[in-house]
Amino acid sequence: MFGRLGAPEIILILVVIILLFGAKKLPDMARSLGKSARILKSEAKAMKSEGQESAPAGPPNTDEQPPAQRTIQAAPGDVTSSRPVSEPTDTTKR
């Protein structure tokens, strides 16, 4: 159905993208996309590491301290976009 994309087709696609979005907005869009990808990657890694921790076999201990609040950073050293994240707590008695 579709043939292989050659150099002329790729150049045409890039020209259309530049015309649609403008040359000034493209670096900002790429930067935002990179930050979003880093945040997604760090969240996925955090979820994976939380899933690998072993759950306690007995009933939950009510004397435990609540977990410390985590801070997610979009980029190393970028403190303007970091935000504290509170972890949900399970308050139901099972």
Under 3.5 Å, sequence neighbours excluded: what are the donor-acceptor pairs made by side chains of residues 14-29?
from: D28; atom 1: OD1; to: R31; atom 2: NH1; distance (Å): 2.9

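Residues K45 and K48 fail the side-chain proximity criterion, which asks for heavy atoms closer than 4.5 Å.
Using modelled atom types, no side-chain atom of E43 and backbone atom of L40 make a donor-acceptor pair closer than 3.5 Å.
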